[in-house]
Amino acid sequence: MSAYESISSVLVERFKVDGAAVTPQTTLEELEFDSLFIVEFLLVLEEQLKVSIPDTEVTPSHTVEAVAAMAEEQLTEQTGAS
Amino acid sequence: MTRSAVSVTGVGLVTAAGLGTEPTWRAVCAGRPTAGRDPELAGLPVDLSCRVPDFDADELVHRRSSLTHDRFVQLALLAAREAVADAGVDLDEYAGARVGVVLGSALGGVATWETQAHRMAEGGTSSVSPLLVPRMMHNMAAAHVAMDLGVTGPNLATATACASGATAVGTAAQLIRDGSCDVAVAGGTDAALTPLVAAGFARMGALSRRLSDPAGASRPFDADRDGFVMGEGSGVLVLERERDARARGARIRAGAAGYGASADAHHMTAPDPDGTGVLAAVQQALAAAELLPDDVGYVNAHGTSTPLNDLVEARTAAKLFPRATAVSSTKGVTGHTLGAAGAIEAALTVLAVERGVLPPTANLQHPDPEVELDLVAGAPREERVAAAVSNSFGFGGQNAVLVFTAA
């Protein structure tokens, strides 16, 4: 599963977002995420995808695709390092 | 200045007997206990509880409820919505600032606190949820009810331990009388059936250890009582000025006629054996209602089923009320719902007054010989009463007494 697919399923299952409303270009703001939700979201990604994205790097205007790219980058680094 | 009469026009209940006022009223009248062995408390010295039946919070409360609300908030939202619907009041007809919310809780979001403490112990600070604080704060039940209903009047939480719900109802009636708001949504909520809380109450020796007979564990005023059973739930009332309620053609369930509050100033957890503080609160509530003890036909006792509470409460009630006053405790059915208890029992007292049915005390098979009261046991008693009292006492020696009158 790609990082984007994993993140989409977190959004649907944990954050009760309508799956049909999630596209790569959807912003977190459009999903009604405030700063608290962003921190919680990154915490869940850390648990489920084993990626650690600092909460200072994500704002409500980030798209799902942009967050997925950050996650993908870390996952690639992890694979490369091992 | 004339004291304006305040009425109860709406009732909402969530208890282990079910989601809603009617399932709770039916179980209470049937004397059908809700206590059982609780799998979530398995392995503890006491694993009894009265747990609200499972429900899908994301479906029933809010899309993101399981993420953003502690359970004590979820229960309060369900009870508040029922109470407002029951009152038939269109809150949009009021300026939002004229509608207040007062909700008490004894332990607030302790379940969230406990979960996150485990996370921190296991995974360090970075594993702690940013939603910890907003989920667990005591005031969040009142805050979320205001957000849910879109009302911006006075909004506060009361904390008088197991009297919190009664303190909230009394305080809300005062807010209406002093003109701070026109309508108040008031009650109590608690959902603290966690291993840590159960261990704490068990270590105090407060809980019944009748593990072989869960249904018989909560038995207020019975000679064989040995402690309370932890419960969870929420009770919410809608209060408004009687003249406003009549003007809009509302069904008046009962009058919220009096409120009395006091402190024992005696001990952290033990009641004052002389009952001085309790007597003062009852007398204050009756004076506010302009009633005499002889006018009271029914007392819904605090009656937790602990040896000490029930004895001291019974002795105190016997000093004040005539022998003919009917007394019962509904905790035999609901368990002790802590900060919700005062509001759940206020609601049940309102229904008793409205319907002319006095609920029995479940499991009262051999009344404590030291209790000299007319205890309702077995079946509900059909009796119209002009006025009824609901007692609530909290650890810390905080007492809150409400008087309700027939409409």
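All values derive from a computational prediction rather than experimental measurement. By convention in this document, chain letters (A, B, ...) are assigned in the order of the sequence lines, proteins followed by strands, and residues within each chain are numbered from 1.
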Should the heavy atoms of other residues, nucleotides or ligands under 6.0 Å from CD of E73(A) be counted, would the total exceed 12? no
The interface call for L43(A) against chain B, heavy-atom contacts under 4.5 Å, is side chain
Residue V17(A) versus chain B: region with a heavy atom under 4.5 Å: both
Is any residue of residues 49-58 of chain A within less than 4.5 Å of chain B by heavy atoms, and which ones? none
Any carboxylate oxygen within less than 4.0 angstrom of a Lys/Arg side-chain nitrogen, looking at R119(B) and E47(A)? yes
Apply side-chain contact (heavy atoms from CB on, under 4.5 Å) to the pair S127(B) and E46(A), showing each step before the final yes or no. CA-CA 9 Å; S127(B) 64; E46(A) 187 161 347; over 6 Å; no
Only one of V39(A), I38(A), L42(A) clears side-chain contact (heavy atoms from CB on, under 4.5 Å) with P130(B); which? V39(A)
Please state whether the side chain, the backbone, both or neither of L67(B) comes within less than 4.5 Å of a heavy atom of chain A. side chain
Flag if over 12 foreign heavy atoms under 6.0 Å of CE, M137(B): yes
Residues E40(A), R64(B): salt bridge by 4.0 Å N-O rule: no
Of the backbone (N, CA, C, O) and the side chain (C-beta and beyond), which part of F37(A) lies under 4.5 Å from a heavy atom of chain B, both, or neither? side chain
Test salt bridge (charged side-chain N to carboxylate O under 4.0 Å, His left out) on E59(B) and K16(A); report intermediate values, then the result. CA-CA 10 Å; E59(B) 203 55 50; K16(A) 309 297 170 183; over 6 Å; no
